Asks: 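First the structure, which I've put down as structure tokens, then a few questions once you've had a look.
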Amino acid sequence: MKRQSSASLENVSGEIYTEIRILVMMAIVPVPTPRILWRKPHVLAIAAVPGTALGRLGEPSPASPAAWAAAGAAIRKLHDAPLPPWPGQSIDGIRTHLDGECEWLVANGVLPAEIVKRNREIAEVALRPWKPVFVHGDLQITHVFVDGDEVTGVIDWSEASQGDAMFDLAILTLGHEEQLDNVLAGYGTDVDVDVIRAWWSLRSLGAARWLIEHGFDPDSPGCEFAVLKSRM
């Protein structure tokens, strides 16, 4: 166990809060989730999920079009479920964070100003009022497991909350735009593709600094910077 100062004790309660939140979310979601093997403070052990992840960002997906459609159908079940007790971020909060990240990207020479400016304009389309639904909140393709054409489990529910349905669809297809039609074939109607595209830009701008500071490379082929450059 890591040593902690008294100044960081508030983080302990925060970690416990997150564990409780994950347990509650996994208990109420209408999609397959891993079986919980055991838990103790700050650790939650889950069983292996059958099958393989839908894919990885920056690499071609090995999953079939039917598997992507099944993922879309699973997301629709989630979005049609009763709202969870946790509200999501406000539009103003997202906008403030995004503007700060854009300033950082330009000030530190991480991306050309024209790329940041163009994608910030596109991202604004996502910042409109939405009807809250039950969202996963971090629905990366590595969090969705399939076996053949069936979804066998969705992992990492720490960001689940009330939110924008288009956000989940965007995160799942980020860097895999060619799979959007397959996802929507399973998801159904009531989809604004322009908003999904706006979330691609917003997510890529907003996550870049965190990725860099934690040892990831958003400039790898097919990853976040490639998404931003493709908008030009």
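The model shown is predicted, which means the values in this text are computed figures rather than measured ones.
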Asks: May I ask you to check whether over 12 heavy atoms, not counting those of D80, lie within 6.0 Å of atom CG?
Replies: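 Yes, because the 6.0 Å sphere around CG of D80 holds more than 12 heavy atoms from other groups.
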Asks: How far does CG of D217 sit from CD of E224, to the nearest 0.5 angstrom?
Replies: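 CD of E224 is found 9.0 Å from CG of D217.
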Asks: What are the two closest non-hydrogen atoms of P30 and A81, and how far apart are they?
Replies: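 Here P30 and A81 meet closest at CG-CB, 3.8 Å.
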Asks: In Å, rounded to the nearest 0.5 Å, how long is the span from CG of L37 to CG of L44?
Replies: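 One finds 9.0 Å between CG of L37 and CG of L44.
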Asks: Are V144 and L172 close enough that some pair of their side-chain heavy atoms sits under 4.5 Å apart?
Replies: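 Yes, close enough: below the 4.5 Å cut-off.
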Asks: If you define the side chain from C-beta out and look only at heavy atoms, does anything of E159 sit under 4.5 Å from H136?
Replies: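 Not touching, per the 4.5 Å side-chain cut-off.
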Asks: Under 4.5 Å between side-chain heavy atoms, hopping through other hydrophobics if needed: is there a path connecting L83 to L78?
Replies: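 Shared cluster, no.
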Asks: Indicate yes or no: at least one non-hydrogen side-chain atom of S230 is less than 4.5 angstrom from one of E177.
Replies: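 When only atoms from C-beta onward are counted, E177 and S230 do touch, with a gap below 4.5 Å.
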Asks: Can you tell me how far apart OG (S204) and CG (N119) are? Round to the nearest 0.5 Å.
Replies: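 Atom-to-atom, S204:OG and N119:CG are 7.5 Å apart.
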Asks: Counting N and O atoms only, with roles assigned by atom type, does the side chain of D168 sit under 3.5 Å from a partner on the main chain of G137, one being a donor and the other an acceptor?
Replies: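 Checking the backbone N and O of G137 against the side chain of D168, a donor-acceptor pair under 3.5 Å is found.
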Asks: Will you find, in the side chains of D149 and S64, an N or O donor that is under 3.5 Å from an N or O acceptor?
Replies: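 Yes - a donor-acceptor pair under 3.5 Å links their side chains.
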Asks: Is there a side-chain contact between E101 and L205 in this structure, where contact means two heavy atoms from C-beta onward sitting under 4.5 Å apart?
Replies: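 Not in contact.
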Asks: Sequence neighbours left out, what pairs pass side chain to side chain donor-acceptor pair (under 3.5 Å) with at least one residue falling in residues 47-60?
Replies: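 Counting only pairs at least two positions apart or across chains, no side chain to side chain donor-acceptor pair (under 3.5 Å) contact touches residues 47-60.
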Asks: Quick one: does any side-chain atom of H176 pair with a main-chain N or O of G58 as donor and acceptor, under 3.5 Å?
Replies: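 Not a single qualifying donor-acceptor pair exists.
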Asks: In the single-linkage hydrophobic clustering (I, L, V, M, F, W, Y; side-chain heavy atoms under 4.5 Å), do W210 and V116 co-cluster?
Replies: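 Unlinked, W210 and V116 end up in two clusters.
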Asks: Can you tell whether the side chains of R95 and E124 come within less than 4.0 Å, N to carboxylate O?
Replies: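 Between E124 and R95 there is a salt bridge, with a charged N closer than 4.0 Å to a carboxylate O.
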Asks: Using atom types as modelled and distance alone, determine if a side-chain donor or acceptor of T152 lies under 3.5 Å from a backbone N or O of P50.
Replies: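 Yes, because the side chain of T152 sits within donor-acceptor range (under 3.5 Å) of the backbone of P50.
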Asks: At their closest point, which heavy atom of L54 faces which heavy atom of A71, and how far apart are they?
Replies: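 Nearest pair, atom of L54 first, then A71: CD2-CB, 4.1 Å.
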Asks: Looking at every heavy atom in both S161 and P87, which two are closest together, and how far apart are they?
Replies: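 Taking S161 first and P87 second, the nearest heavy atoms are CB-O, 3.9 Å.
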Asks: Show the numbers, then the answer: is there a side-chain contact (heavy atoms from CB on, under 4.5 Å) between F134 and Q162?
Replies: CA-CA 5 Å; F134 194 146; Q162 301 175 26; over 6 Å; no
Asks: Do V191 and I196 make a side-chain contact, defined as non-hydrogen atoms from C-beta onward lying under 4.5 Å apart?
Replies: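 In short, these two side chains touch, coming nearer than 4.5 Å.
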Asks: With a 4.5 Å cut-off on side-chain heavy-atom distances among I, L, V, M, F, W and Y, is there a chain of contacts connecting V135 to W86?
Replies: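 No, V135 does not connect to W86 through the hydrophobic network.
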Asks: Please determine whether a side-chain nitrogen of the Lys or Arg among K117 and E103 lies less than 4.0 Å from a carboxylate oxygen of the Asp or Glu.
Replies: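 The answer is no: the pair does not qualify as a salt bridge.
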Asks: Where do K229 and E114 land on the salt bridge (charged side-chain N to carboxylate O under 4.0 Å, His left out) test, with the steps shown first?
Replies: CA-CA 10 Å; K229 292 172 183 176; E114 61 270 20; over 6 Å; no
Asks: State whether a side-chain donor-acceptor pair under 3.5 Å links S61 with W68.
Replies: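 Yes, W68 and S61 have a side-chain donor paired with an acceptor closer than 3.5 Å.
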Asks: Can you name the nearest heavy-atom pair linking G55 to P62, along with the distance?
Replies: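 Taking G55 first and P62 second, the nearest heavy atoms are CA-CD, 4.1 Å.
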Asks: Answer yes if L105 and L211 sit in the same cluster of Ile, Leu, Val, Met, Phe, Trp and Tyr residues linked by side chain heavy atoms under 4.5 Å apart, and no otherwise.
Replies: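 No; tracing contacts between hydrophobic side chains, which count when under 4.5 Å, never links both residues.
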Asks: Please check if F167 and L184 belong to a single hydrophobic cluster, counting links between Ile, Leu, Val, Met, Phe, Trp and Tyr side chain heavy atoms closer than 4.5 Å.
Replies: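 In one cluster: yes.
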Asks: With no hydrogens and no angle check, just 3.5 Å: does a side-chain donor-acceptor pair link T173 and W200?
Replies: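 Indeed, the side chains of T173 and W200 share at least one donor-acceptor pair under 3.5 Å.
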Asks: Show, in sequence, the C-alpha distance, side-chain angles and deciding distance for S158 and D156, and conclude whether the side-chain contact (heavy atoms from CB on, under 4.5 Å) test is met.
Replies: CA-CA 6 Å; S158 61; D156 197 350; 3.0 Å; yes
Asks: For the backbone of G93 and the side chain of S90, can you confirm whether one donor and one acceptor N or O come within less than 3.5 Å of each other?
Replies: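 Looks like yes, one N/O pair under 3.5 Å.
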Asks: Testing the basics here: between V154 and W157, what is the closest heavy-atom pair and its distance to 0.1 Å?
Replies: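 Closest heavy-atom pair between V154 and W157: O-NE1, 2.8 Å.
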Asks: Side chains of V125 and W199: does their closest heavy-atom pair fall under 4.5 Å?
Replies: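 Of all side-chain heavy-atom pairs linking W199 with V125, none is under 4.5 Å.
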Asks: Strictly distance-based, threshold 3.5 Å: is any side-chain N or O of W130 a donor or acceptor partner for the main-chain N or O of L127?
Replies: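 Pair absent, no side-chain N/O of W130 close to backbone of L127.
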Asks: Nearest 0.5 Å please: distance from the CG atom of D219 over to the CG atom of L228.
Replies: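 Rounded to the nearest 0.5 Å, the CG-CG separation comes out at 10.0 Å.
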Asks: Regarding R128 and D192, does a basic nitrogen lie under 4.0 Å from an acidic carboxylate oxygen?
Replies: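 D192 and R128: not salt-bridged.
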Asks: We want to know whether D138 and Q140 form a side-chain donor-acceptor pair, criterion being a heavy-atom distance below 3.5 angstrom.
Replies: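 Side-chain D/A pair, D138 to Q140: present.
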Asks: Check step by step if side-chain contact (heavy atoms from CB on, under 4.5 Å) holds for I155 and F145.
Replies: CA-CA 8 Å; I155 66 172; F145 284 73; 3.8 Å; yes
Asks: Show your working on side-chain contact (heavy atoms from CB on, under 4.5 Å) between E121 and S201 and close with a plain yes or no.
Replies: CA-CA 9 Å; E121 292 170 350; S201 290; over 6 Å; no
Asks: Is any side-chain heavy atom of D194 closer than 4.5 Å to one of I122?
Replies: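 SC-SC contact between I122 and D194 ruled out.
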Asks: Grab the two heavy atoms, one from R120 and one from C102, that are nearest each other, plus how far apart they are.
Replies: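 Answer, listing the atom of R120 first, then C102: CD-SG, 3.9 Å.
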Asks: Find out whether I94 and L202 are in side-chain contact, i.e. whether some heavy atom of one side chain is under 4.5 Å from a heavy atom of the other.
Replies: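 Answer yes - side chains close enough.
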Asks: Check the angle between the aromatic planes of H79 and Y187 and answer parallel, tilted or perpendicular using the 30° and 60° thresholds.
Replies: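 Rings of H79 and Y187: perpendicular, as their planes differ by over 60°.
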Asks: Taking only Lys NZ, Arg NE, NH1 and NH2, and the carboxylate oxygens of Asp or Glu, determine whether D164 and K131 approach each other closer than 4.0 Å.
Replies: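 No, no charged N to carboxylate O under 4.0 Å.
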